[in-house]
Each structure stands twice: as C-alpha cells, then as structure tokens.
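Shown next, in structure tokens, is the structure this report addresses.
Reminder, nothing fancy here: chain letters follow the sequence lines and each chain counts from 1.
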Amino acid sequence: MEHLTLVDGNSVMFRAYYATAYPGAVLMQTSQGVYTNAVFAFVNMMDKILEQTNGHILVAFDTAHPTKRHEKYQEYKAGRAAMPEELAQQIPLVKKYLDKAGIKQHEQIGYEADDIIGTLAKEASQNNIKVDVYSSDRDLLQLVDQNITVHLLKKGMKELDHYTPESLYEKYELTHHQMIDLKALMGDPSDNIPGIPGVGEKTAIKLLKEYETIENLYVHQDEIKGKMGEKIRENKELAYLSKDLVTINVESPLPFSYLETEKIKIETSDLIDFFKELELKQLVVRMANQNQNTLFKDEEKSDKKTDKSFSYDLILNDEKLNDIIFNHQEPMSIHFEFSEPNYHKAELWGIGLSNGENTYFIDPSIALNNQTFLNYLKNKEIEKYTFDYKAIKVFLMWHKKAIHTISFDMLLAAYLIKSSIGKEDFTTITSLFSSIDISYEEQIYGKGAKKGLPENKELYYEHIAKKASVIYKLKDDLLETLKDQNQLELLQKVEIPLSEVLASMEFSGLLVDNKELLNQKEVLEKRINVLEESIYKEAGETFNISSPKQLGDILFEKLNLSQGKKTKTGYSTNVEVLEKLKDEHPIIPYIMEYRQLAKLYSTYIIGISQSIFSDNKVHTIFNQALTTTGRLSSIEPNLQNIPIRTEEGRKIRKIFVAEKNHYLLGADYSQIELRVLADIANVKHLKESFLNNEDIHKSTAQKVFHVTDVTSEQRRQAKAVNFGIIYGIGAWSLAEDIHVSPKEAQMFIDRYLEIYPEIKQYMQDTVEFATENGYVKTLMNRRRYIPEINSKVFMQKEFGKRNAMNAPIQGSAADIIKVAMVDLFKYLEENDKKSKIILQVHDELILEVPEEELEEMKELVPAIMKKAVKLTVSLETSCDVGKNWYELK
DNA sequence: GCATCATGCAA
DNA sequence: TATTGCATGATGC
C-alpha cells in the first residue's frame, strides 16, 4: 500500500445536494418520487475521486449523536439549519451506493467524520503513506502535512482546490501547524465556534505570523496595544475553548487501521441494477460502458463484445429470406432500425424479425427488394408487432411500399402505461418493463457527431435482432397491464389507428409558396437592418442585440434605465420588462420591434426554409408518445406554433398553401377544454351557458361582475380567469396577467368558484384522487402519474396539484380530437375521398380538399368532430376555407 | 461539439 | 408565482 484516500461523506453529500438544489429548482427524483439529485452528484464526485485512488479508500460520516465537543460547549453547531428532508432521505441511498461500489465507510458514535479522517490520515502519514483528503470543510486543513494533501470542493463541484504545506504557506503565509490556531482565533459561524470577537482572517493571520501560536500569543498578551489588545486579553478563555473545539482528534479509537480500507471488487451488474432502481440513466450507461471497456481489456479483442447468450440468424440473401417468410406465417415482431430520428430522410440500417423463439436480422436492401417480404408486410391477414409503427409506415410510404395489420406497438403501449417515457429510448423503456439486458443506442452507434454504424457488424446485427425479440417478449406483459388499467381500447381503437392517420398526414406534408417565402424574407431583412441602425444610433455603439447579456448592459448600465426583474444570470430583458420601459427611452420601441421581427425571421422564415423537402413541402413529425398529457407535439418543423396573435406574425401563414385546385379547410373545436371541464366536473351554470350557446367569457363576466352589459375589459378579465382555472391558477399570476392587484385577483377567483362551485369540488376531488393513487386519468383512461403531489417541498407539491387539475382536462381534449381524427380518416378512406387531413393543432384540424369536395367537407368535417365523443355538453366547431393558411380566420 | 439559458411562438 | 410543447441565438465548458 502506498496511498490512501479519505472522503468526508457528509460534507461531499451537502455539496452534492446543494449543487442542484438552488431555490426553486426541481430536484431530480424517480417516477415514484424518491429524490436522487444528491446521490447522482455524489456518485459523479466519487467517480472523479476514484480515478485518483490506488485501491485504498474510506468515506467517513458524522452520526446524529452528540460528541465530546457538545459536552465542552453546549452551543457547538447550534443554530444550524436542520438538514432538508429531501437530503436526509438520500443519505441511506448514498451509503447503499458505497456498499454496492465496494467502498468502505465508517461512522462512530461520539466522533465526527473529521476525527475519523484525522486519525486514519495521521496514522498513515506516520508510516509514510501518501494521503488525499476530500471535503468542503476548511477545518480539515489542519491535517495537511508532508504526506497529507487536503482537497477542498468548490461550489459547483467542478473544481477542487488542493492544499499542501507549500500551497498553504503561499496562501496564508502560515505553516500547516498553525491552521488550528487560525481557525480558533477567527471562529466559525457555521459550527458556532466563537473565536475572539472582532478578530477575522486578516487579524488572525497577522497575530499568528508574529506569535506563532495562541499559547505564545497569551505569553505576550500585554505587548498588544489598543482595542485589539483588550479584546484578546478579555477573551482568553474563548480562544482556548475555540482551539479545543476546532482541534481534530487524531487519536480516535477506531476499530480498524488505515490498512483495512481496500476497495472490494464488486459485481458491476449490482451497481447497475442499483442505478436502474433509482432511474439514474446516465450512471447506468456510464457503468455499462466502463464494464465493457474492462471486458475489452480482459479479452484483448479488437472490438466490443457480443452477447453469447442471445442467438439469432442472419438473413443476407433472397433465398434465406424467402425461406423464413415461408416458414413463419404466425404473428411476429418486426423492427426497423433507422440512421436518424427523422424517418422522412433516414437510411434503413437493418430489420429485425422475431417470433420469440427464432429471431432474425435481415439485410435491409435485400428485404426492400424482395417481393415475398414486401407481400408479407402488406398481408392484412398476418399480425405484426412493432416499436414505433408510424416511423416504419412513413418510411415505407416514401419507398412506395405498404405495411398492414399492426396489432401491438410497444412504444405506444409503454406510453399509455406511463406517459412520462416520452423522451426515453428503446433500451430505457425496455428496462422499465423487464430485466432484459440490451445495450444502449450510444454504446452501439456512438453519439452526436460520431454516431454511425460500428465496424463490427455483428454488434449491430445483434442489437437490431434483439430489439425485435424484446418487442415480442414484452408484448403479453404490456397488454396485460393495459387490460388491468382499462386502456386496451385506447391502444387498439385510438392510438394504433391514429398512427396511420398521422403517417398519412406527415407523408402528405404541407406545400410552401416559395415566392411568398422569399418575398417575406427580403422584407424582413430590410426592416431588421433599419432597426439595427436605429438601435446602434440610440445606444451610441454597436452590440449584439440578440444577446440578453449585452442588451442588459446597454439598457441598465450605459443608459441607466430602471431595471425590472432579474434572471439568475443577470438582468431580464424580456418583453414585460421592455414594456414597462417603453416610455423611458426611444431605444426601447426599436428593440421590441427588432425582437419581434428577428423572431419571425430566424424561427419561421429561416427555420422553416431549412425543413423544406425537394417536393417543396414541409413534412413535420408528430410525436405521438411524448407529452405527459396525451397531446401530440410537432417537430422539424413545429407546425403547432405558427404565429397568429399579431397581424405581423400571422402573415407567416401565407407561406403555407394548398396544392393546385385544392383548398385548405380548417375546423376547430370551440372552447373544448372548458366544455370538458363542464362535463367532467358537472358544472351546472357552465353547462347551461354552453347549452344556450352563449359567449362563454361574456356570460362568465356577467356572473362574476353582476352585470348585464359586459365591457370588453370585463370580458377580457373573465376570459383570463376561465383560462387560468384550467391551469390551476394562483391569485398572484392572475394579477400579473390581467394587471390588477393580487387582492382583486383573489376576489375574482373566489367569485368565480362561487358561481361554479362544482369546479372547486372537482379540484379538491382530483387532488385527493391523485394524492391517494399517484395518478390522474382522462375520459378515455389515459393516465398521468404525478409523484410530486406527495412531495414535502411546498413548490413541488403545488406543481403536482396544478398538474392533477390540468392533466385530465387537457388530456381529455386530446382524447377527443384523436378519436375525431381516426373517425374522419376512416370515413375519407372508406368513401374514397381525395381530401386529406394534413395538420392537427391541439383543437383544430386542417385538411387539404380538392375543389370538388369542398362543399361536402365543410359539412362533414365539423359533423364528425362534433360526434367524436358523447359528452353532457355539446361539442361545437367552427370551420373556414382558403387558398392558404392565412385565410383560415 | 454539446448543454444550458433566456426568449418567444402556439393551444 | 398558470398547463403542454419546440426552436432559436448566445454563451460557457
């Protein structure tokens, strides 16, 4: 043994916790609500420390029991804030991690972690062993000697300061022997060590440079003049008590010696399982990679390993492919592996096929040119199981090929069981539902710019085949769960059919008018240039207007405008702040206009240009398994956030046009979320208003303000409350929104809940349901889990409550339009209509309709939307047509 | 090259 | 200190 590492467990844990627990932060936690942020950061820190160790390591902890220091000084560590519950809960987890990682840990009643570390460090040092100590507590600096280096963690945990006798001298001009005396003289508010009042670091260093020790200082106490001398003489006892308190006991009676600290060899899989339990995916991946690298060293192979317990057959020619299709007419799982997430332009890397017993990797270029295989895909009699059916369907559409009869999709099933899987990959989803061992994508293909097929082909052949086998193996379990949760219909009658609708929409795409696009681009460029000049002129210098930092400096330092809110990195320059400043300086209106135009230019003009395909269309991708509420989302480009609220922005919609001889038809649900609320909460007066076809915001205003004639301001305020209620609003935010005092806002809310008392009841009931069950559900039994609702952190619990109230409303509205889409698509297909659904924007559908079907569709589309779901209030729609999207008002 | 922040667009 | 999203440019590692 030549080296020993000692870690102050409590101190590192504190740092780990507070590195991510700034006020207002959402702490990392598992889906069951177990906090993991400190564990995660602790493991990261330990990983760094372990890189520097040589096999001997120990982590020391404090105990909750009082120590000798408390006996000597009752006030020791008094006044310290209690450890937050979220951190306390994680201590056992950190200890469990250390066990699993084979790292020795120790705590001892009556002693602090400092004492354990000090004793072991000095023992080792006396035997000429090099010691590294890790902590964030400066007290430990007194341990520094020729063999002992102390590393202090800094705030962000990213850097360490290390102290040797030399560096201590450089920093304080004191020897390491004087560190105890330094601390004793200065005191330490965090441990409630008194020190000598009035003596801080500067004075303490000066005194020690002259007198070396506290003892010697008091020998010469009478030489010191002035107030300082008085203080020193008066507080002799405090100084000695402080010295006693800060002195680490380097002779603690430990039940083992420094020699018995060797790291134990461990089963990596245990540790991986532990991280999986805590849903610490990054750590799982890192451990898996480390493990692989070790194996790679052991086996001295030129590549990563393949899994010997998994077998599959390689199908690389037509004969074999014909054979297996001939032999397998039973249901099988099929997986298409793509080179990138955007399947509109992805390459096909491979196909996996499995019936649970036999699993195959099929060469994609063979498959796509093999008629037997293509017939198999489009055979309506043979069931197939997939993971992300829509991707396969769209890819095949681009290649003019078909696939039919998907009776199970693992991605959609997993999403219905747990809507928070949205951003996870195949492997993580698999590990949530089974213990099947399957590599992470990045282990096989690498990540970021380096992503690509590995040189060792077997590696990805196996990976792709394995995915197919996993789909098959998990099918029954997932279906069972869905059945238990009454969600089978949601999968089979809504989500899987919807995949086909969305595939058709994405593949159809939306035509772009290039001339209009270029024209708007030029107009915007010119206007932005002019604005830039005006802004620079007003500012007296050029700077990057798009940089909130630089803009903040100009506005609030150079021009001395009154700053409003701050962000955590500096001044806020958002539109609300600018709005308040707009009369203070002529630069402000220019900046506001610049912001608006720059947004339109970069996000909509440039952004959308980059997504146009060679057919002059944009082909978005609707993510069907992402949002926690059941809504869709749209990417590349996002066609669900095209501007509409300002005329300036709305013009962007002129870019999107119907094909020749076609019209765009837009139909949207009116007030669908309020109608859903009226239905599920059984809100009497709200239902009446809907029944009478009233302007809902107006009638709310009439009731809230006790008036017959509603001013436009009153209507606007009532509308804000109607919206706010759906989101679980608080008085403070409503006040911000409608520019009244929080008191008035609270009054509005109270009045509102008096008028619609069932809403209040609904909210209470929903929160109660979520608290008991951990989830809420929609009309069609879609679930959203809300672990935060049982959090002890106020803000998180409140967030949980708002989600509990909002998710069923937003989610049910999503259910309804999804059903409408499936119904409408089916009608169009069965009746051989040429009209096509091309977009969905949460409560509206946009179709591309040939001229000859226009009149029919104006009737049909709203009709189908209205009767998608039967509620106790009617669903109403409005409908518009135009040659471009702008004309759909 | 990648992650994070501030900002702003939609329902 | 209102719900759900996505894309952007700037910035820092």
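The residue A:Ala720 sits close to a base: some heavy atom pair falls under 4.0 Å. Within the 4.0 angstrom heavy-atom criterion, only backbone atoms of the sugar-phosphate kind lie near A:Asn803; the bases stay farther away. Within 4.0 Å of A:Gln550, counting heavy atoms only, lie sugar-phosphate atoms of the nucleic acid but no base atom. As judged by a 4.0 angstrom heavy-atom cut-off over every strand, A:Leu626 is placed among residues touching the sugar-phosphate backbone only. Contacts of A:Ile635 with the nucleic acid, taken as non-hydrogen atoms under 4.0 Å apart, involve only primed sugar atoms and P, OP1 or OP2. At the heavy-atom level, A:Gly607 lies under 4.0 Å from the strands shown only through sugar-phosphate atoms. Within the nucleic acid shown, A:Arg645 comes within 4.0 Å of at least one base atom, counting heavy atoms only. Among the protein residues, A:Gly448 comes within range of the sugar-phosphate backbone only, with heavy atoms under 4.0 Å from sugar or phosphate atoms but none that close to a base. Among the protein residues, A:Asn641 comes within range of the nucleic acid bases, having at least one heavy atom under 4.0 Å from a base atom. Among the protein residues, A:Tyr601 comes within range of no part of the nucleic acid, since none of its heavy atoms lies under 4.0 Å from any strand. Among the atoms of the strands shown, only primed sugar atoms or phosphate atoms (P, OP1, OP2) are found under 4.0 Å from some heavy atom of A:Arg784. Among the protein residues, A:Ile606 comes within range of no part of the nucleic acid, since none of its heavy atoms lies under 4.0 Å from any strand.
The interatomic distance linking A:Tyr727 (OH) with B:dA11 (P) rounds to 10 Å, in whole Å. Here B:dA10 presents its P atom at 14 Å from CD1 of A:Ile846, a figure rounded to the nearest Å. Going from atom NZ of A:Lys599 over to atom C1' of C:dT8 covers 6 Å, rounded to whole Å. Going from atom CZ of A:Arg675 over to atom P of B:dA11 covers 18 Å, rounded to whole Å. A straight line from CD1 of A:Ile528 to C1' of C:dT8 spans 13 Å, rounded to a whole angstrom. Rounded to an integer number of Å, the gap from A:Asn574 CG to B:dC9 P is 11 Å.
Side-chain to base pairing of A:Asp737 with C:dA2: one donor and one acceptor N or O lie within less than 3.5 Å of each other. No donor-acceptor contact under 3.5 Å links the side chain of A:Arg631 to the base of B:dA10. Under 3.5 Å, the side chain of A:Gln810 and the base of C:dT3 form at least one donor-acceptor pair of N or O atoms.
Considering only the side chain of A:Arg653, B:dA10 comes nearest among B:dA10, C:dA2, B:dA6. Side chain of A:Pro643, nearest nucleotide from C:dT1, B:dA11, B:dA10: B:dA10. Distance from the side chain of A:Ser546 is smallest to C:dA10 among B:dC9, B:dT7, C:dA10. Considering only side-chain atoms of A:Lys549, the nucleotide from C:dG12, B:dA11, C:dT8 that sits closest is C:dG12. Distances from the side chain of A:Glu636 to the nucleotides C:dA7, C:dT11, C:dG5 place C:dA7 closest. Residue A:Ala449 has its side chain nearest to B:dG1 when only C:dG12, B:dG8, B:dG1 are considered. Between C:dT4, B:dC5, C:dG5, one nucleotide has an atom nearer to the side chain of A:Thr569 than all others, and that is B:dC5. Comparing B:dG8, C:dT8, C:dG5 against the side chain of A:Thr628 picks out C:dG5 as the nearest. Nearest to the side-chain atoms of A:Thr603 among the listed nucleotides C:dT11, B:dT7, C:dT8 stands C:dT8. Closest contact between the side chain of A:Thr627 and the listed nucleotides B:dG8, B:dT7, C:dT4 involves C:dT4.
For A:Ser634, no side-chain nitrogen or oxygen approaches OP1 or OP2 of C:dG5 to under 4.0 Å. Between A:Asn544 and C:dA10, a side-chain N or O to OP1/OP2 separation shorter than 4.0 Å is present. Applying the 4.0 Å criterion to OP1 and OP2 of B:dA6, one finds that A:Thr567 has a side-chain N or O inside that range.
Heavy atoms from other residues, nucleotides or ligands lying under 6.0 Å from NZ of A:Lys797 number more than 12. Heavy-atom contacts from other residues, nucleotides or ligands closer than 6.0 Å to OH of A:Tyr590 number 12 or fewer. More than 12 heavy atoms of other residues, nucleotides or ligands sit less than 6.0 Å from atom NZ of A:Lys889.
The gap from the P atom of C:dA2 to that of B:dT4 amounts to 23 Å, rounded to the nearest Å.
Each of A:Gln520, A:Arg595, A:Glu648, A:Arg527 was compared with A:Leu600 under the side-chain contact (heavy atoms from CB on, under 4.5 Å) criterion, and only A:Glu648 meets it.
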Check against salt bridge (charged side-chain N to carboxylate O under 4.0 Å, His left out), A:Glu340 and A:Lys451: CA-CA 9 Å; A:Glu340 57 155 309; A:Lys451 188 179 171 187; over 6 Å; no
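Looking only at distances, no side-chain donor or acceptor of A:Asp679 sits under 3.5 Å from a matching main-chain atom of A:Leu871.
Using modelled atom types and a 3.5 Å distance limit, the side chains of A:Glu495 and A:Tyr415 yield no donor-acceptor pair. A side-chain N or O of A:Gln624 and one of A:Ser499 form a donor-acceptor pair less than 3.5 Å apart.
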